Amino acid sequence: MRITLIAASSLLFVGCSKPTPATADSTTPSGTTASSTTTSAAFDENAARAQILGADSAFQRALVSKHVDSLMAYYDPDVVSMGSGKPIKGTTDLRASYDKAVKTNNRNLSFQSGGVNFSNDHSMAWDHGTFTGTSDGPNGKPVTHSGSFMNVWKNVGGRWLIVAEIGT
């Protein structure tokens, strides 16, 4: 989501951080590990993990469909997005970055989740993994990108929102 095309494509992939394998919509994706802390009966980590991975999958579909408004629903208003270049702060600037990035014709996106973990009090979570994808380069020729990502999620009234993201 950066000003340069490559950075823009990377953040799209990173911002998504969205696993697309069959496990993405599953409650038990490969590589997902349970928290090492004891969970309370009121918090279901498997359900929360499924909600985050489901959001990841829906985010990716919205990205490929170029529905920027749908993408923004996954972000906290004070989000910080980091990749190559200057950090993007807040949904207003992030939206502008996505508006530019979706014009690069992202396709063949593939994300593999490395897992979802939770803070001890279950107010925060983070997921990480790898991505690959293709977008149009500056000369219109396809450019393939790959890297890794990490998203930090905040539980806001039972809904998970991205508060920070970083990708390579």
Side-chain angles (χ1 to χ4, degrees), residues 1-2 7-8 10-21 23-83 85-102 106 109 111-131 147-168:
M1 303 288 318
R2 310 305 173 240
S10 294
L11 184 56
L12 282 176
F13 300 141
V14 172
C16 302
S17 64
K18 314 314 167 208
T20 57
T23 59
D25 293 322
S26 166
T27 58
T28 56
S30 62
T32 301
T33 58
S35 171
S36 60
T37 62
T38 304
T39 59
S40 68
F43 185 82
D44 183 346
E45 279 192 9
N46 288 331
R49 184 175 288 112
Q51 185 180 12
I52 289 169
L53 292 175
D56 279 346
S57 294
F59 184 101
Q60 180 183 342
R61 289 188 300 273
L63 177 64
V64 171
S65 299
K66 301 179 181 182
H67 293 147
V68 175
D69 288 339
S70 296
L71 296 174
M72 302 319 317
Y74 298 99
Y75 287 101
D76 182 82
D78 297 319
V79 64
V80 175
S81 181
M82 297 171 33
K86 182 177 139 182
I88 296 172
K89 298 178 183 178
T91 53
T92 300
D93 289 343
L94 189 60
R95 177 186 303 277
S97 184
Y98 272 118
D99 283 337
K100 290 178 186 175
V102 297
N106 292 294
L109 297 177
F111 293 88
Q112 179 60 49
S113 175
V116 178
N117 299 288
F118 298 91
S119 64
N120 289 342
D121 67 356
H122 301 115
S123 65
M124 304 289 287
W126 58 97
D127 69 334
H128 58 93
T130 58
F131 67 88
S148 57
F149 66 86
M150 177 179 275
N151 292 327
V152 178
W153 300 78
K154 177 172 74 171
N155 189 337
V156 179
R159 183 165 177 252
W160 293 96
L161 298 175
I162 298 171
V163 294
E165 62 185 6
I166 188 167
T168 62

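Here the structure is a predicted model, which means the values were calculated and not measured.
The two residues Ile52 and Ala125 come nearest to each other via the heavy atoms CD1-CB, 3.6 Å. When every heavy atom of Ser97 is checked against every heavy atom of Ile88, the shortest pair comes out as OG-CD1, 3.6 Å. The shortest heavy-atom contact between Leu161 and Ala73 is CD2-O, 3.5 Å. When every heavy atom of Trp126 is checked against every heavy atom of Ser119, the shortest pair comes out as CZ3-N, 3.7 Å. Closest approach of Asp56 and Trp153 over heavy atoms only: OD1-CZ2, 3.3 Å. The shortest non-hydrogen separation linking Ala58 to Tyr74 is CB-OH, 3.0 Å.
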Practice item. Check the pair Asn106, Val64 against side-chain contact (heavy atoms from CB on, under 4.5 Å), reporting the backbone distance first and the verdict last. Key: CA-CA 6 Å; Asn106 292 294; Val64 171; 5.6 Å; no
Exercise for review: Just do the side-chain contact (heavy atoms from CB on, under 4.5 Å) check on Ser113 and Leu53 with the steps written out, would you?
Suggested key: CA-CA 8 Å; Ser113 175; Leu53 292 175; 3.9 Å; yes
**Study point:** Stepwise side-chain contact (heavy atoms from CB on, under 4.5 Å) check, Glu165 with Leu94
**Key:** CA-CA 11 Å; Glu165 62 185 6; Leu94 189 60; 4.1 Å; yes
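When the side chain to side chain donor-acceptor pair (under 3.5 Å) test is applied to Asn155, no partner is found at least two apart in sequence or on another chain. With sequence neighbours excluded, the residues forming a side-chain contact (heavy atoms from CB on, under 4.5 Å) with Ala48 are Phe43, Phe118, Trp160, listed by chain and number.
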Expected list for residues 65-72: side-chain donor-acceptor pairs under 3.5 angstrom, two or more places apart:
| unit_1 | atom_1 | unit_2 | atom_2 | d |
| --- | --- | --- | --- | --- |
| Ser65 | OG | Arg61 | O | 2.9 |
| Asp69 | OD1 | Arg95 | NH1 | 2.4 |

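Two residues are said to be in side-chain contact when any heavy atoms from C-beta on lie closer than 4.5 Å; Val163 and Asp78 fail this criterion.
Without hydrogens or angle criteria, Thr168 side chain to Gly147 main chain gives no donor-acceptor distance under 3.5 Å.
Between Phe59 and Tyr98, the ring planes are perpendicular. Angles over 60° get that label, and only those under 30° would be called parallel.
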